[in-house]
Protein chains: 2
Amino acid sequence: MNGSLSVVGLGPGSPQTLTPEAAAALQSADALYGYGPYLDRVPARANQTRHPSDNREEGARAAAALRHAAQGAHVALVSGGDPGVFAMAAAVCEQIESGDEIWRKLDVAIVPGITAMLAVAARVGAPLGHDFCAISLSDNLKPWELIERRLDAAAGADFVIALYNPISRARPWQLGKAFERLRRHLPASAPVIFGRAIGRPDEKVLVCSLDAVDPSAADMATLIIVGSSQTRVIERPGLAPLIYTPRSTEGSGA
Amino acid sequence: MNGSLSVVGLGPGSPQTLTPEAAAALQSADALYGYGPYLDRVPARANQTRHPSDNREEGARAAAALRHAAQGAHVALVSGGDPGVFAMAAAVCEQIESGDEIWRKLDVAIVPGITAMLAVAARVGAPLGHDFCAISLSDNLKPWELIERRLDAAAGADFVIALYNPISRARPWQLGKAFERLRRHLPASAPVIFGRAIGRPDEKVLVCSLDAVDPSAADMATLIIVGSSQTRVIERPGLAPLIYTPRSTEGSGA
């Protein structure tokens with residue numbers, strides 16, 4: 001088997017946050033696979049084929065990339081953010097487990113990237129500075145009841161919570177329900193951060209409190225961070241406030 | 001205020017995983033602050049001063065960097081991994097909130113990096129492919145009871161769990177206790193991954209099952225990922241197994 005598959009994290013989208021390791025994997029590939037808008041972020045190179053696919057076709061896309069690699073090509077499959085966080089790396093593993101035996105012999109590398117919650121957190125301060133959870137709000141692949149159970153568990157134990165895949169045309173009500181659920185556990189003043197397209201020309205960051213949050217401010221590319229009871233807002237004259245979760249918990253004496 | 005402070009994530013340590021944005025922030029700084037071994041990873045440059053400090057002096061280090069920036073210098077404070085995840089960004093915010101009023105007027109930027117759990121996950125497959133939590137096991141800044149409560153909540157709701165700061169000379173028993181706690185909730189076969197120094201010459205990755213785990217295999221630079229009940233191991237002939245958590249949950253019909 002001479003072929004290989006690299007699953008490459010593009011980070012939040014600016015070339016300034018693409019690691020040299022990821023850039024090298026893209027540069028050396030014979031073929032690039034990925035969701036169209038992500039592929040469009042990769043500079044063109046001669047003698048490299050491009051195979052864009054639609055959103056929500058992760059399994060088929062992963063299988064196509066594996067099939068191509070098994071023919072001896074060096075294939076790069078691009079992923080937004082980090083491929084291991086609600087992205088293509090798990091889809092590739094699923095295909096390897098259930099697909100052609102020969103795919104188990106392939107050289108497969110996962111190349112990490114800056115995942116959305118790190119990029120959004122960095123823009124506002126350090127909201128993930130203490131224990132946190134990452135939850136996908138998509139109930140396409142898991143029952144909504146499990147998502148509610150996890151929101152309860154996370155907020156009940158006062159984790160900061162990062163919400164991926166908050167909303168889509170096919171999933172319009174889930175985010176509102178999730179905020180309702182979180183209000184049972186968290187103070188009305190808990191800071192909520194909406195961030196999208198960090199480092200790109202259309203970057204947007206919005207901060208509000210849990211009681212005033214408007215789910216319609218999110219789209220499918222938005223990453224949301226919900227602070228814990230400990231998360232704090234530092235007002236700054238003439239500058240955006242800093243939002244952070246202290247390293248020590250109140251009453252711990254530290 | 002002409003000075004500035006950048007809190008820069010070095011990622012797991014190889015220059016191949018340092019983002020161009022982070023490299024530029026280090027390159028353009030007048031002064032570098034950080035834990036000694038992290039500073040040693042930054043290439044030397046003329047006309048740039050270096051201010052190494054010991055581990056566990058985060059507050060004092062952040063204050064020194066802010067004081068220097070307030071004098072008009074461009075200061076970079078380096079952090080391993082991502083500065084927002086159990087690292088320097090929260091320490092800086094704490095100092096800004098409680099310290100000199102003038103620090104609130106400073107231009108402060110957080111430059112994200114590849115945090116350890118993403119680097120370790122990428123090495124073995126996609127263990128963070130579904131909902132997950134990140135918990136620091138250090139009880140220096142929070143009570144051990146809260147850590148146990150969070151371990152119970154996370155494992156009880158079947159999150160994958162990334163453990164930061166698992167062990168140190170001053171905290172020898174906590175990791176063993178944490179595994180005991182997790183065994184109450186998780187199957188004995190749940191995969192556990194120990195990873196350290198990913199991408200560096202002394203990289204180490206170790207995989208075992210929860211019932212066979214040996215806490216003494218970890219040191220203070222180790223990041224541990226504990227799989228959920230859904231996390232799977234794909235055996236591969238002649239290659240290391242792939243470990244991943246599927247995007248869909250069993251019984252969700254997807």
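Model, not experiment: these values are computed from the prediction.
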Counting heavy-atom pairs under 4.5 Å with chain B, the top scorer among A/A24, A/A23, A/A126 is A/A126
To the closest 0.5 Å, what do you measure between CZ (A/R171) and CE (A/M220)?
8.5 Å
If you tally heavy-atom pairs under 4.5 Å against chain B, which of A/E21, A/E97, A/R236 wins?
A/E97
Which of A/D158, A/V92, A/V111 touches chain B most, by non-hydrogen pairs under 4.5 Å
A/D158
Under 4.5 Å from a heavy atom of chain B, the part of A/I147 involved:
neither
Given that the side chain runs from C-beta out, which part of A/P83 has a heavy atom under 4.5 Å from chain B: side chain, backbone, both or neither?
neither
Top contributor to chain B contacts, counting heavy-atom pairs under 4.5 Å, from A/T245, A/I135, A/I198, A/L128:
A/I135
Contact part of A/I114 toward chain B, heavy-atom cut-off under 4.5 Å: side chain, backbone, both or neither?
both
Given that the side chain runs from C-beta out, which part of A/T115 has a heavy atom under 4.5 Å from chain B: side chain, backbone, both or neither?
both
Top contributor to chain A interface from B/A134, B/G129, B/G11 [non-hydrogen pairs under 4.5 Å]
B/A134
Between B/A89, B/A87, B/A122, B/P12, which shows the greatest number of heavy-atom pairs under 4.5 Å with chain A?
B/A122
Is it true that a side-chain atom of B/D139 and a backbone atom of B/W144 form a donor plus acceptor pair closer than 3.5 Å?
no
Please tell me if the side chains of A/L18 and A/L10 come closer than 4.5 Å, counting only heavy atoms from C-beta onward.
yes
Would you kindly check if the NZ (Lys) or CZ (Arg) of B/R150 is within the cone defined by 45 degrees around the ring axis of A/F159 and under 6.0 Å from the six-membered ring centre?
yes
Nearest 0.5 Å please: distance from the CG atom of B/L5 over to the CG atom of B/L66.
5.5 Å
Flag the one option from B/C93, B/G84, B/P112, B/C133 with the top tally of heavy-atom pairs under 4.5 Å to chain A.
B/C93
Check the angle between the aromatic planes of B/F86 and B/Y164 and answer parallel, tilted or perpendicular using the 30° and 60° thresholds.
tilted
Under a 4.5 Å cutoff for heavy-atom pairs, which residue among A/E94, A/M117, A/E58 has the most contacts with chain B?
A/E94
The reported gap from OH in A/Y35 to CG in A/N55 (rounded to nearest 0.5 angstrom) is 4.5 Å
Most chain B-contacting option - heavy-atom pairs closer than 4.5 Å, from A/A91, A/G199, A/G238:
A/A91
Using a 4.5 Å cut-off on heavy atoms from C-beta on, say whether the side chain of B/T249 contacts that of B/Q230.
yes
In terms of heavy-atom pairs under 4.5 Å with chain A, the winner among B/V108, B/V124, B/T17, B/L242 is B/T17
Which bit of A/D152 is near chain B, if near means a heavy-atom gap under 4.5 Å: side chain, backbone, both or neither?
neither
Between the side chains of B/S53 and B/R61, does any donor sit under 3.5 Å from an acceptor?
yes
Student check: side-chain heavy atoms of B/D131 and B/V160 closer than 4.5 Å
no
Which atoms of A/M88 are under 4.5 Å from chain B, going by heavy atoms: the side chain, the backbone, both sets, or neither?
neither
